[in-house]
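One structure is given below, encoded as structure tokens.
The sequence lines fix the lettering, A, B, ..., with proteins before strands; numbering per chain opens at 1.
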There are 2 protein chains.
Amino acid sequence: MERYCNKLKAGGLKLTPRRLAIIGLFVDHNTHFTAEDIWSRLQKRFSRCGLPGVYRNLESLVECGILTRIQQFDRKKHYGLCAGSHHHHHITCIRCGKVDNIEDCAFDSAKKIKGYTVVSHFIQVNGVCGGCAKAAPHRDRVWGKGMFVCSEK
Amino acid sequence: MERYCNKLKAGGLKLTPRRLAIIGLFVDHNTHFTAEDIWSRLQKRFSRCGLPGVYRNLESLVECGILTRIQQFDRKKHYGLCAGSHHHHHITCIRCGKVDNIEDCAFDSAKKIKGYTVVSHFIQVNGVCGGCAKAAPHRDRVWGKGMFVCSEK
DNA sequence: CCTCCAAATAGAAATAACTTCTATTTATAT
DNA sequence: ATATAAATAGAAGTTATTTCTATTTGGAGG
Ligand SMILES: [Mn+2]
Ligand SMILES: [Mn+2]
Ligand SMILES: [Zn+2]
Ligand SMILES: [Zn+2]
């Protein structure tokens, strides 16, 4: 927690109760959350807190390097603690929506592709997590109708 | 074009002027378009065509296997002709927004990751296309403020 | 050709996930 | 303690779709 307070200060951000609570949620659960996830969990302690406030804080925490943001295919932004801010990707459970880091990235950024100069890349893996695999077999979560669920196979 | 008409019929879809015009646009330009791209290009010929109609048609064309849909980080869906419907990924120019197919995929779907059973994966590469690299150097396109522009490096 | 009807179309309204705006409060350096 | 830049709340706005409710129309069958 010390570490995060320092990052806040370094970024010129105040240590508000709200922010500390949000960081606390990420530390305690060690997982990725959407703005709404955070918002609903804050309700108990900060009943007068709206979604705009949550977004503002999450973005501030991204800017000062405490959180990373990933855009998922459910069209939502998901936030999680920066894994030392080193390059990594994510795997998502198609049943429960859990997100985990994938630490090693095999992508070769130096390779030329179709005349493009590669600037960045993004890898998203979908799967079924251990917990959901053990649970009673049921249909995989159906995302929004027009939702792109990644190239199968 | 014959080939696409057959796919339409096979999918139980009518050969309407609208649909043939949309397919024509993809064939002529051989690139990926958003619904709005298509809509603005249809205006000359079909002045009374709204965006909902374009979306409906694009989704029908995806369903019958004529188009593929990819969700880009600008939060828009982009559509393109199916490359024989074989597994492929995409590279996007961060300056002009052009999308090209990447035909060979090195991802190992068999590898177990963090206890997950891998179901699918998605790779998105961002870069600068040949045309934009030759053009006068200017700042890279700035996507929406909170936009995820993929892990740099 | 003509008829019919499932499918397609149009336009308005609704939705989801944010983002921006304006006014009011608060953390913190001095 | 004060001053002030930053944070907060709630309302309103935005964007990219999606849904809804009539109103046409492509094309199979006669
Ligand atoms: Mn992560
Ligand atoms: Mn493609
Ligand atoms: Zn799961
Ligand atoms: Zn380009």
Side-chain angles (χ1 to χ4, degrees), chain A residues 5-6 8-23 32-40 42-43 45-64 66-67 69-79 97 142-148, chain B residues 5-6 8-23 32-40 42-43 45-64 66-67 69-79 97 142-148:
Chain A
C5 291
N6 291 336
L8 282 173
K9 284 176 194 160
L13 296 174
K14 292 177 180 172
L15 312 198
T16 67
R18 182 73 44 86
R19 288 220 254 260
L20 298 176
I22 292 177
I23 295 173
H32 294 69
F33 287 124
T34 64
E36 225 185 314
D37 292 337
I38 293 293
W39 176 75
S40 65
L42 285 180
Q43 286 303 301
R45 280 220 271 155
F46 305 88
S47 55
R48 283 187 44 142
C49 166
L51 268 170
V54 174
Y55 278 109
R56 253 189 321 262
N57 275 310
L58 290 173
E59 289 303 314
S60 303
L61 296 178
V62 169
E63 252 173 75
C64 79
I66 292 176
L67 297 181
R69 177 182 55 229
I70 68 173
Q71 178 79 44
Q72 289 282 52
F73 292 101
D74 54 5
R75 305 179 57 76
K76 288 176 194 153
K77 291 177 174 31
H78 293 235
Y79 299 82
V142 178
W143 280 341
K145 198 184 163 200
M147 190 48 57
F148 179 65
Chain B
C5 291
N6 290 337
L8 282 173
K9 284 175 194 159
L13 297 174
K14 293 177 181 173
L15 312 197
T16 68
R18 181 74 45 87
R19 289 220 253 257
L20 298 176
I22 291 177
I23 295 172
H32 293 69
F33 287 124
T34 64
E36 223 184 317
D37 293 336
I38 293 294
W39 175 77
S40 64
L42 285 181
Q43 285 304 299
R45 283 220 269 155
F46 305 88
S47 55
R48 282 189 44 147
C49 166
L51 269 169
V54 174
Y55 278 109
R56 254 188 319 263
N57 275 310
L58 290 172
E59 289 302 316
S60 303
L61 295 178
V62 169
E63 251 173 76
C64 79
I66 291 176
L67 298 180
R69 178 182 54 228
I70 67 173
Q71 178 80 44
Q72 290 282 55
F73 293 102
D74 54 6
R75 304 180 57 77
K76 289 175 192 154
K77 291 178 174 32
H78 293 235
Y79 299 81
V142 179
W143 280 340
K145 196 183 165 202
M147 190 48 56
F148 178 65

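A:W39 contributes a side-chain N or O that, together with a main-chain N or O of A:C49, makes up a donor-acceptor pair within less than 3.5 Å. Not a single donor-acceptor pair under 3.5 Å links the side chain of B:R69 to the backbone N or O of B:E59.
Rounded to whole angstrom, the span from the CD atom of A:Q43 across to the C1' atom of D:dA9 amounts to 13 Å. Atom-to-atom, CG of A:L8 to C1' of C:dT26 comes out at 16 Å; the value is rounded to the nearest Å. Going from atom NZ of B:K76 over to atom P of C:dA16 covers 22 Å, rounded to whole Å. Here the P atom of nucleotide D:dT18 and the CZ atom of B:R69 are 8 Å apart, to the nearest Å. For A:H78 and C:dA17, the NE2 to P distance is 10 Å, given to the nearest whole Å. Atom pair B:W39:CH2 and D:dT17:P shows a separation of 14 Å (rounding to whole Å applied). The CD-P distance, from A:E63 to D:dA6, rounds to 12 Å in whole Å. Distance NZ (A:K9) to C1' (C:dA27): 12 Å, rounded to an integer number of Å.
A sub-4.0 Å separation between OP1 or OP2 of C:dC18 and a side-chain N or O of B:R75 is present. Dashed line: the shortest gap from a side-chain N or O of B:Y55 to OP1 or OP2 of D:dT17 is under 4.0 Å.
Looking at the side chain of B:T16, the nearest of the listed nucleotides D:dG26, D:dT8, C:dC18 is D:dG26. Distance from the side chain of A:P52 is smallest to D:dA11 among C:dA17, C:dT9, D:dA11. Side chain of A:C49, nearest nucleotide from D:dA9, C:dG11, D:dT8: D:dA9. Among the nucleotides C:dC18, D:dT17, C:dA8, the one closest to the side chain of A:K77 is C:dC18. Side-chain atoms of A:L13 lie closest to D:dA7 of the nucleotides C:dA10, D:dA16, D:dA7. Out of D:dG27, C:dC18, D:dA16, the shortest distance to the side chain of B:L15 is found at D:dG27. In the set D:dT17, D:dT8, C:dA8, the nucleotide with an atom closest to the side chain of A:R18 is D:dT8. In the set D:dA7, D:dG27, D:dT17, D:dG27 carries the atom at the smallest distance from any side-chain atom of B:K14.
When all heavy atoms are compared, the tightest approach of B:D37 to B:T34 is OD2-N, 2.8 Å. Listed here is the closest heavy atom pair of A:L8 and A:C64: CD2-SG, 4.2 Å. Closest non-hydrogen pair, B:A21 versus B:F46, comes out as CB-CE1, 3.6 Å. Between B:L20 and B:C5, the shortest heavy-atom distance links the atoms CD2-SG, 4.1 Å.
For the pair B:L15/B:K9, a side-chain contact is recorded, criterion being any heavy-atom separation below 4.5 Å from C-beta on.
B:S60 pairs by the side-chain contact (heavy atoms from CB on, under 4.5 Å) definition with B:L13, B:R19, not counting sequence neighbours.
Mapping A:R19 and B:A35 onto DNA chain D by nearest heavy atom places A:R19 at the nucleotide closer to the 5' end. Residues B:V54 and A:T34 both approach DNA chain C. Their nearest nucleotides, taken by heavy-atom distance, put B:V54 toward the 5′ side.
Between the side chain of B:R56 and the base of C:dA10, a donor-acceptor pair under 3.5 Å is found.
Comparing the end axes of the helix from C:dC1-D:dG30 to C:dT30-D:dA1, each fitted to five base pairs by superposing C1' atoms of four pairs onto the next four, gives an inter-axis angle of 30° (nearest 10 degrees).
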